[in-house]
There are 2 protein chains.
Amino acid sequence: MKQVEGGLRERKKLQTRAALAEAALRLALEKGPDNVTVEEIAAAADVSVRTFFNYFPHKEHAILGRNPAHLERALELIATAPAEQSPLTTMRLIVHDVLRELLDEGELSRRGELIMGSPSLLYHLMLSSMDDERQLSVALAERIGDPLRARLVVSNAGAACRIAVELHRETPDAAPADLVDAALQLLAQGLDPDYRKGQS
Amino acid sequence: MKQVEGGLRERKKLQTRAALAEAALRLALEKGPDNVTVEEIAAAADVSVRTFFNYFPHKEHAILGRNPAHLERALELIATAPAEQSPLTTMRLIVHDVLRELLDEGELSRRGELIMGSPSLLYHLMLSSMDDERQLSVALAERIGDPLRARLVVSNAGAACRIAVELHRETPDAAPADLVDAALQLLAQGLDPDYRKGQS
DNA sequence: CACAAACTTGCACTCACTGCAAATAAATAT
DNA sequence: ATATTTATTTGCAGTGAGTGCAAGTTTGTG
């Protein structure tokens with residue numbers, strides 16, 4: 001019979017993944033992200049280089065430590081949302097869900113600092129989040145039947161999230177969650193009430 | 001004496017650069033951007049691989065070929081906009097300005113098509129234009145004195161632009177400019193009127 | 001215990017990209 | 001015109017990312 005969840009294999013995989021991500025982040029913080037090699041990361045996690053690439057497609061993914069579960073939960077949230085829930089509301093739930101976990105891990109600032117300082121990390125973060133956004137857009141478009149609006153909602157929720165984290169770095173007093181809410185509020189009710197198409 | 005402009009050396013450099021960019025674009029279109037090697041590009045331009053890297057830091061830069069004038073004009077537009085012009089309106093002018101030139105050059109269908117169709121190129125483009133967005137945000141923030149709103153406006157205008165071009169690829173009937181306007185309209189007047197913070 | 005499935009690993013390979021030093025071509029001085 | 005300085009090209013050697021494959025090892029299952 002297939003073990004429901006707690007098989008040794010599963011646990012070891014999670015463990016290896018965590019060890020690699022942890023080592024990658026630690027080494028990146030110590031030596032700067034561009035001075036870390038996959039060889040070092042693999043060695044620090046006691047696996048072969050090849051195994052590293054079985055877990056992460058790029059070195060940067062390990063440092064970013066992106067959790068695939070987040071995307072899964074997000075898609076789940078979109079799929080199971082009550083019909084009357086407005087799209088931006090769904091996105092807010094998703095963002096808060098992810099944000100809560102990131103804050104719990106307490107690594108948001110450490111990692112964020114690192115990422116913002118490294119073009120290559122930033123690039124890969126965008127790379128992978130764009131892929132996420134694509135999937136979320138598709139899911140949301142199916143639910144609300146308006147591709148343009150779906151993409152805008154997803155894309156702008158993502159932007160709101162990034163900007164909130166960014167502003168939080170500059171003014172740590174403001175909680176990321178509150179900044180996100182402020183941004184979403186702006187988006188929901190109109191970013192620019194005075195906007196007129198014909199205006200010059 | 002130093003030649004003012006038309007030295008043989010200068011001309012040859014421009015020529016080599018152009019030949020490399022041209023070859024890169026052509027080969028990328030022919031074989032798909034990910035199936036082109038620097039070796040091929042260099043061979044097509046009749047220079048060594050090493051010389052390629054004297055001109056472009058990455059393979060992608062040769063394919064992308066960005067125009068620095070666009071950013072300059074955008075900053076100019078923000079700085080000289082009449083005080084009563086709403087921020088999103090300014091962004092609309094900027095987007096249309098760039099879009100017009102891209103359409104004129106026929107780049108949107110050649111280079112643009114390629115870029116939008118290739119995740120790797122798209123993200124390289126985003127990476128290199130991220131600095132642009134930062135500068136635009138700063139300029140706009142100074143003008144309207146609201147950093148959060150400024151960043152959201154810039155960031156979302158950028159997203160609207162990308163999404164419009166993307167949708168245009170899927171349904172060529174719709175003009176990019178019109179799609180941009182539709183997206184901005186949504187943003188301006190509220191992406192999600194039913195959004196409520198406390199709602200679940 | 002035996003067998004199947006999943007995971008790890010080493011190996012050989014391609015490709016991007018860099019530093020260095022030698023060769024070559026162009027600009028300038030004599 | 002020729003020698004000299006200066007910029008550009010190039011080959012070469014090397015690092016490091018990332019992939020495919022086949023063999024070895026570990027874990028789950030009957």
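Lettering follows sequence order; numbering is per chain, from 1. Hydrogens, waters and symmetry mates play no part in the numbers below; they use all other heavy atoms, side chains included. In this text the structure is predicted, and so the values were computed from the model without any measurement.
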Asks: For A:Y55 and C:dC7, is the shortest distance between a side-chain N/O and OP1 or OP2 below 4.0 Å?
Replies: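 No, A:Y55 has no side-chain N/O under 4.0 Å of OP1/OP2 on C:dC7.
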Asks: I want to verify a distance call: between D:dA17, C:dT8, C:dA26, whose nearest atom is closest to the A:T51 side chain?
Replies: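 Output: C:dT8.
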Asks: Given side chains that start at C-beta, do those of A:V153 and A:T90 come closer than 4.5 Å, heavy atoms only?
Replies: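 Side-chain contact under 4.5 Å: no.
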Asks: Rounded to whole Å, please give me the gap between CD in A:E10 and C1' in D:dT27.
Replies: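 One finds 11 Å between C1' of D:dT27 and CD of A:E10, rounded.
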Asks: B:K13 NZ to C:dA25 C1': how many Å, rounded?
Replies: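 From B:K13 NZ to C:dA25 C1': 14 Å.
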Asks: Would you please name every residue forming a salt bridge (Lys or Arg N to Asp or Glu O under 4.0 Å) with A:D97, sequence neighbours left out?
Replies: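 Once residues adjacent in sequence are excluded, the partners of A:D97 under the salt bridge (Lys or Arg N to Asp or Glu O under 4.0 Å) criterion are A:R73, A:R100.
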Asks: Do A:I163 and B:V138 belong together in a cluster built from hydrophobic side chains that touch within less than 4.5 Å?
Replies: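 No, it is not one cluster - the side chains of A:I163 and B:V138 are not joined through contacts under 4.5 Å.
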Asks: May I have the distance from A:N54 (atom CG) to D:dC21 (atom P), rounded to whole angstrom?
Replies: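 It works out to 14 Å between those atoms.
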Asks: Any chain of hydrophobic side-chain contacts (each under 4.5 Å) joining B:L167 to A:L136?
Replies: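 Per the 4.5 Å side-chain linkage, B:L167 and A:L136 are co-clustered.
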Asks: Expressed as a whole number of angstroms, how long is the span from A:F53:CZ to C:dT14:C1'?
Replies: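 Roughly 14 Å, once rounded to whole Å.
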Asks: Whole angstrom is fine here: how far is it from CG in B:L20 over to C1' in D:dT10?
Replies: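 Distance, rounded to whole Å: 14 Å.
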Asks: With sequence neighbours excluded, what pairs up with A:E40 under the salt bridge (Lys or Arg N to Asp or Glu O under 4.0 Å) test?
Replies: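 Here the qualifying residues are A:K31.
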Asks: Quick check on D:dT27: is either OP1 or OP2 less than 4.0 Å from any side-chain nitrogen or oxygen of A:K12?
Replies: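 It does, given that an N or O in the side chain of A:K12 lies less than 4.0 Å from OP1 or OP2 of D:dT27.
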Asks: Which whole-number value in Å describes the distance from B:L14 CG to C:dA26 P?
Replies: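 Computing the B:L14:CG to C:dA26:P distance gives 15 Å.
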Asks: Is B:H58 near enough to C:dC17 that one of its side-chain N or O atoms lies under 4.0 angstrom from OP1 or OP2?
Replies: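 Yes, within the criterion.
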Asks: Counting only non-hydrogen atoms, which of residues 35-50 of chain A are less than 4.0 Å from DNA chain D?
Replies: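 Listed by number, they are A:V36, A:T37, A:V38, A:R50.
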Asks: Considering just the side-chain nitrogens and oxygens of A:K59, establish if one lies under 4.0 Å of OP1 or OP2 belonging to D:dG16.
Replies: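 No, because none of the side-chain N or O atoms of A:K59 sits under 4.0 Å from OP1 or OP2 of D:dG16.
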Asks: Looking at A:E10 and A:R17, does any basic side-chain N land under 4.0 Å from a carboxylate oxygen?
Replies: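 Here A:E10 does not pair with A:R17 in a salt bridge, since their nearest N and O are not under 4.0 Å apart.
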Asks: Membership question, hydrophobic clusters at under 4.5 Å side-chain separation (ILVMFWY): are B:V38 and B:L20 in the same one?
Replies: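 As far as the 4.5 Å side-chain criterion goes, B:V38 and B:L20 are connected within one cluster.
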Asks: Tell me: CD of B:Q15 to P of D:dT8, nearest whole Å?
Replies: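 Roughly 14 Å, once rounded to whole Å.
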Asks: In whole angstrom, what separates B:R11's CZ from D:dA7's C1'?
Replies: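 Between C1' of D:dA7 and CZ of B:R11: 16 Å.
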